[in-house]
Each structure stands twice: as structure tokens, then as C-alpha cells.
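A quick write-up on the structure given underneath.
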Amino acid sequence: MEKRILCPTRGGQASYPNQDAAIELAIERQAEIVFLYVTDVHFMDHFASPKLIDFETELEEMGDFLLTMAIERAQKSGVEATGIVRRGSFRQTLLDILDSQKVDAVILGTSKLETSMLTPEFIKDLASELSVHTGVEFIIVDAGEIVVSIKDEDNRSKKGGAEK
Amino acid sequence: MARLNTKIYQVDPLRLTRKSGSLKLFFGHHIKLAKFSIIVILAVPFISSKIVRAMQTADEEPARYLIVGRLIDAQAQPVIKAHIEGSVIGENEPIAESESQEDGSWQLGMNEVPHADLEILISEPHFHSTTIRIGDEERSQLLEDGVYRTGELSLERKITAAFWISTGIFLVVILLIATETLHSTTAALAGFSAIFLVSYIGGAFNSDLYIFDFEQGLSYINWEVIFLILGMMILIAVIENTGIFQWMAFQAYRLSRGRVWVLSLILMAITAVASALLDNFTTMLLITPITLQISFALGTNPLALIIPEVLASNVGGISTLVGTPTNILIGAYAGISFTDFLVNQTGGVILALIGMAAFILFYFRKDYLTSHAGISPVLYKKLEQNAHLDDPEGLWKSGLVFIFVLIGFVLGEQIHLVPAVPAIVGATVVLIWLKPDVQKMIKSVDWTTLVFFMTLFVVVGAIQEVGLLSLGASAMSRLIGENLALGIFVVVFGVGTLSTAIANIPLAASMLPIINYLTLTIPGAQSMVLFYALSMGAAMGGNGFLIGGEANLVTAGITEQANTPISFKEFMKVGLPVTYITLTIGYLWLFFRFL
């Protein structure tokens, strides 16, 4: 059975280096990539202006388009790729997918943006926690470079086998 | 005598228009849905007390002798609900009592003229108390004519603890909104609650803490604004869910044939027009995702298309009554019609957009002139699929209704039809004709926004009641004098500069009484030019910084979803020059049109 790498992405040019890292890894491991886009509309909570449209559907369509671009880039490099668009919190969505689908590795990119919650610390904590929970390898990349690879065994050895 | 016994109804035309119109609307609307309870809870005590008061008034015996007068403040605005008490000098018990009405007028009725001099004590919590003496001469006149007129009396403002507390509450609300510590509605609701807590609980122990009672507080809610927004929300929800704006953006891409500068100009025009007819926040919600997709597909800088769009949306809305929430506030308060806005603002808006477009083309010239790779067939197909019209039948039906609503706005002026009526009628027709899921449509109405407006009106009403806005008006008046050109300049650039950082809805709401006073006192300002200046300043100023307008912030939120954040600095580098270019053009437009 072919290996699968899950690559959550938000698309856009800033995501290309991390997508490229996922593509390179897929070539190296002869795996297929599943790109994931999670719509997050929490930023809408603070506005007083009327929210009159099904805005989440608009974001889903945008996510679908961004994944189509990512898939196209992967296919140009000879890597099989598919995409999943989901609504909800990023952490829970990731957990749901890892519980329901066979995934061998997850590539997570960090963000240096002040406004982003995907800070290196957050991503590392999330990867450690989910790795323990699912046993899946988490590879953290920054600007296309692999920063750290976290496996369940690593966590167990570091924490004396204690699970969170 | 009979004529004098009737109540005096020479009220401030602005207040009368908005209040009578709103009550008719309120009773005429079908209050079936549970969420209307928000409005009902707030409005019922106010309306019922009015009815009870009217019945009591009808039962009163007409008095034979009347002393009448009128109370005004330093800005010649009526002083409402002042307590008037007439006593015979040397006696403790008053012989007559009353309250000043909405136009500041008051009357004391009595069945016989006392043999001794009278003293009339006038008291209002936010003014220094004053007395009027009715001596021999005045009593003779009262006996002879049945009425004695004291004339207009100007009351002097009193700075009480309530003044500082109301001001503090208002500033905290503004700060909470600006810093996004609380949701705007929660912030305004907190201010609303604090105002009444201070007024009722604090006022019970110390009269200096009294701001106003519940009924008086609710009288500051402009129901015309609430129902106009409500009607427009339903119409917009139907129209914008048809996919028309995404389709238009895609057609813009096709028309531009890959020339990004042409695409940018067309997208700016689309957002400006859409914002004028609908609202800029929703327009940006719809147009930003598809613009991101187009720019990614073209391989161009998305911000070179999106920042001009949001700037155009803030400016475009100025030209109509329903284009921005601030215009709705201004229109309802000052009685400026849809046509008035269109005729007096559109020219300035078009010129401002041209000036803005010239700067945008210069600023993003490198992005616009870089050649881009062609879009792949797969992406083109996906783009086309995401930009298709979702509901063509719904589009033409709702479009037709919308045109009739616009006609209603224009023709309604002839019969003094407030714009809220065509908006509500249009929304009702859409619900009957298109038969959408009513529950879904009612969910589309953003109730938090309506509550935000209602509670904000009361918070602003509190600072008006305690005299903060009166002081502001005096300061502005001293600064401007009778120079209208200077007045337009101060309002356009002053409000514009404040709007770069402060939420423009509370800013405009608090400026309305000040602008009203200046309109009444500056020669030539009766053309309402200062209200147009407020409209331009509030909307154009929103372009200065990312935090200047909700359309800016929501756009930034969407672009971040595609890992393409708009930084504060990046936005400011474009937005600030555009703000002052458009403010200058707007000022010159108003100057040459009205002076």
C-alpha cells in the first residue's frame, strides 16, 4: 500500500516552500500527498457589520481552488496528490483525519506572522501531542526546510513514556 | 384660550421626523418572529409609557390661566424634560408643576391667578437651576389675557459627576471596540448597561449621578435606522447569495485578458458600485476570496488587487444613503434623502476614485507591469466553476425588487416616505416572491448589528444628555466661527483623521448633534454641506489604517486565510496617501459645489 503524507496548507505563495518540502519528501518516500485546507472563520467574531452571506462556503471554494493549485504543483513533479477541505478548528480537524484515514506522516509549516496562531512553539506542541495520540510522524518545516521530525517514540523516550 | 390649552407641538423637526416615522414602522411591521423580541423588549416600555401619558393628558381639565415659555441650551437646542414648578412666594407647596416638551416648551396651568408674586423654579439634572419671578405686572397680564409668555430662556450647563462618568463610559466603549477587546455589540451593550446602572443605582444615592431614565434613554434610539438596516440586510442576503459579484469578478478577469492593471481598475469599479448600492463589508466578504483565486492563478501579487478594492469600497459607499452605515445614520438624523446623497456626493466620489486610481496605478506599477504566466486549463475551469451564478432566477427577481426599492427611495421623498419603508416592503416582497427558507433568511439578519446600533444610540445619547456634545459643539463653533469653508475643512479633515483609527460608526453617531448645531448657526450651512462633509470624512478616513474600517479588517482576515496577510504597515503605505488624496478631492468638491 502506498504511503500517504498529509500536508495542511493555506495556499498562496508563502506556502509554496512548505508545499515543495512535502513534494520532495513524497518523492523520496514514494508517497502520495493529501493536501488539507481548514476554513477558520473565528476572525469574523469581532465585527459589528452584518454577516449576511454563507461566508464559510466562500472560504471553502477558495480553499478548494488553493488545493487545486497545490495538487497541480505536486503532479508536475510526478507526485500523486489529492485535497481535502474541512470546516472547524485546525487541531480537531487534524485529529479527525488522522483517526479516520491512513496517514504515515504529517508535514506542518510554521508561521512567523504576529497575528498567526501557527507559531513555531504552537506547531511543535501540537505535533508532539498529536504524535503521541496517533503514533503518526510529524515533520515541522519552516521556509521549506525541515526543522524537526517528531515521532511517538521520540516523545516517549523524552518524557519517560508518559503520555499527555 | 382653547388653542392655548392644547399641547405645543413645535418640536425640533429632526426629532419629530425620526420619532413619528419610527413608531409607525414599528406598529406596521409583523412581529411574529422570536428574534424581534430584542426590539420589542427595548421598545415596549417606551411606547406604552407614551400611550399612558397621552391618555392622562387627555383626561386633564383645561386650565384657565397659562404661563408658557421655552427652554434652550447654549446651542439653542431645546431642553427636554426639565421640571417646572410654580409657587407663591412665601409658601412651600407648589401651585402648578409641569415638564418641558420635546421642543423645550413648557406651560404651567392654573385655575386662578394668585394674589401674591409667583416664583417659577426650573430644574434639570444637567443644568443649573434657575427661577423666573412673576410680579404684579406679569400677573396683571395673565389675568387680562389668560396667558403670560416668559419667552425663551437659555439654561446654563452643569458639569456633574454624571458628565464625567458618561464620558468615561463612552471612551471605554470606543476603546474596547478599537482594541477588539470585546465584540463591538458586547462593548456597546456593556456601555448601555453601565449608563443605566449608574443612572438608577447611583442616581438613587446621589442626584449628581443621574443621567437619564429608561424611557428617555430609549428615545435616543433611531428606529428609522434600525428598520432601514433590517430591510437592507434581507435584500442584500438574497442578492449577494446569487453569486453575482463572484461572476462579475471573473468577467473582469476575462475582460482584462491578463493585464493586471486593467483588472485592478475594473475590480475597483465593481467594488465601488457594489458598495454604493449594497454595503462595503459584505461586498468585500464576497469579492476578496475570488480575487485571491484570480491573483494566485495569474501569479501576481494578490495585495495589488485586494488593497485597491477595499479602498474603493470605502469610498464608493459614500455616494448613496445605503452605501455606508454612517450615511444611513446621517440620512436618518438630518433627513437627507437618497437623491440628495446621490446628487451631492456622486461627483465628488467619482473624482476621488479617479485620484485614488491614479495613485494606485503608480504605487503598484511594478506588480501591474510584470508579465505573468498564463493560467492552466484546470485552474481556469475551477475559477469558472467557483464564479458561476448560483441562482439566476433569484438574481433577476431580487434585482428587480431592488430596483423598485431604489425607485421607492427616490420617489418616496415626494410623499415624505422614510427610506426604511421601501426597504422593509422590498424585503417582504422578496420573501413572498422568492419563497426562500424564512428561518434561513431571518438567520441572515445580523441581529448583533441591530443591537449594536440600538445600544450605541443610547450610549451616545448619554453623552448628549450630560452636555459633552454640547461642549464639543461650542468648541467647534469657537474654532470655525461663521466661516463655512473652514467648517467644511475642519469636518472633512478632522473626522477623516479621527476615522483612520476610531471606528467610524460611533464617531459619526456622536458627531451628528455637533454638526446639527453648526448647520443651524453657520450662515450657508443650511444646505446640509457639513453633513456631507461628515459622510466623506468618516468613510474616506477609514482608508488610512488597517484598523480604520471593518471592511479593511475583514479583508485582512480573509487574505490571512490564504497565507497572504496584509500588514499594518503595508496597508498604511497605500491607505494613508489615498486617504488624504480623497479627502482633498472630497473637500474641493464640497467647496465648489456649495460655496
Side-chain angles (χ1 to χ4, degrees), chain A residues 7-19 35 37-76 81 83 85 87 90 109-118 143, chain B residues 177 180 182-185 187-188 229 232-234 236-238 240-241 246 279-282 285-286 288-290 292-293 296-297 299 301-302 325 376 378-379 382-383 385-387 444-446 448-450 452-453 456 503 505 549-551 553-554 556-565 567:
Chain A
C7 177
T9 182
R10 288 192 296 165
Q13 289 183 351
S15 299
Y16 290 173
N18 293 345
Q19 287 178 7
F35 289 107
Y37 183 90
V38 183
T39 63
D40 178 5
V41 292
H42 281 101
F43 69 96
M44 294 285 288
D45 291 348
H46 282 281
F47 299 115
S49 293
K51 292 126 205 123
L52 306 175
I53 55 165
D54 182 8
F55 175 62
E56 213 158 5
T57 302
E58 298 297 325
L59 276 192
E60 275 183 338
E61 286 184 359
M62 183 176 81
D64 188 36
F65 184 85
L66 294 170
L67 293 193
T68 305
M69 289 187 78
I71 292 166
E72 206 173 46
R73 298 177 80 246
Q75 286 172 344
K76 274 182 188 167
V85 179
R87 295 181 181 191
F90 179 66
T110 61
S111 174
K112 292 189 174 67
L113 295 171
E114 284 176 14
T115 52
S116 176
M117 61 176 279
L118 304 176
Chain B
I177 293 172
E180 293 184 30
L182 287 180
H183 186 286
S184 310
T185 305
I229 292 174
M232 291 306 292
M233 277 180 182
I234 294 173
I236 290 168
V238 173
E240 300 210 337
N241 281 321
Q246 295 91 325
D279 79 304
N280 57 350
F281 185 86
T282 313
L285 278 183
L286 289 167
T288 307
I290 193 76
L292 278 167
Q293 292 168 50
F296 287 142
N301 173 15
S376 76
V378 176
L379 290 180
K382 182 66 76 179
L383 203 57
Q385 188 187 323
N386 286 351
S444 296
V445 173
D446 194 336
T448 55
T449 302
L450 297 180
F452 168 69
F453 272 94
L456 180 71
I505 296 173
E550 293 209 318
L553 288 167
V554 81
I558 299 168
T559 59
E560 200 165 319
Q561 296 299 303
N563 213 3
T564 313
S567 71

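So that the names make sense, note that chain A is the first sequence line, chain B the second, and so on, each numbered from 1. Hydrogens, waters and symmetry mates are skipped; everything else that's a heavy atom, side chains included, is used.
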request  = Identify which part of B:L383 has an atom lying under 4.5 Å from any heavy atom of chain A, answering side chain, backbone, both or neither.
outcome  = both
query = Can you say whether B:L292 sits under 4.5 Å from chain A via the side chain, the backbone, both, or neither, judging by heavy atoms?
reply = side chain
Using every non-hydrogen atom in the two residues, find where [X] and [Y] come nearest and quote the distance to one decimal.
{"X": "B:N563", "Y": "A:S15", "result": "ND2-OG, 2.7 Å"}
{"X": "A:M62", "Y": "B:P289", "result": "SD-CA, 3.7 Å"}
{"X": "B:N386", "Y": "A:F65", "result": "ND2-CB, 3.9 Å"}

message = Measuring from atom NZ of A:K76 to atom OG of B:S376, what distance do you get when rounded to the nearest 0.5 angstrom?
response =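 It comes to 6.5 Å.
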key: Part of A:L59 within contact of chain B (heavy atom distance under 4.5 Å)   =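 For A:L59, the contact with chain B is made by the side chain alone.
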query = Contact part of A:E61 toward chain B, heavy-atom cut-off under 4.5 Å: side chain, backbone, both or neither?
reply =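 Both the backbone and the side chain of A:E61 come within 4.5 Å of chain B.
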key: Most chain A-contacting option - heavy-atom pairs closer than 4.5 Å, from B:N280, B:I558, B:T288   =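 If we count pairs closer than 4.5 Å to chain A, B:I558 comes out on top.
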task = Using a cut-off of under 4.5 Å on heavy-atom pairs, state which of B:Q385, B:Q561, B:K382 scores highest against chain A.
result = B:Q561
Set of residues satisfying side chain to side chain contact (heavy atoms under 4.5 Å, CB included) with respect to B:A556, sequence neighbours excluded =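 Per chain and number, B:A556 pairs via side chain to side chain contact (heavy atoms under 4.5 Å, CB included) with B:L546, B:I566.
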query = Got B:Q293 and A:M69 here, is their nearest side-chain heavy-atom distance under 4.5 Å?
reply = no
request  = With the side chain counted from C-beta on, respond yes when B:T564 and A:Q13 share a heavy-atom pair under 4.5 Å apart, and no when they do not.
outcome  = no
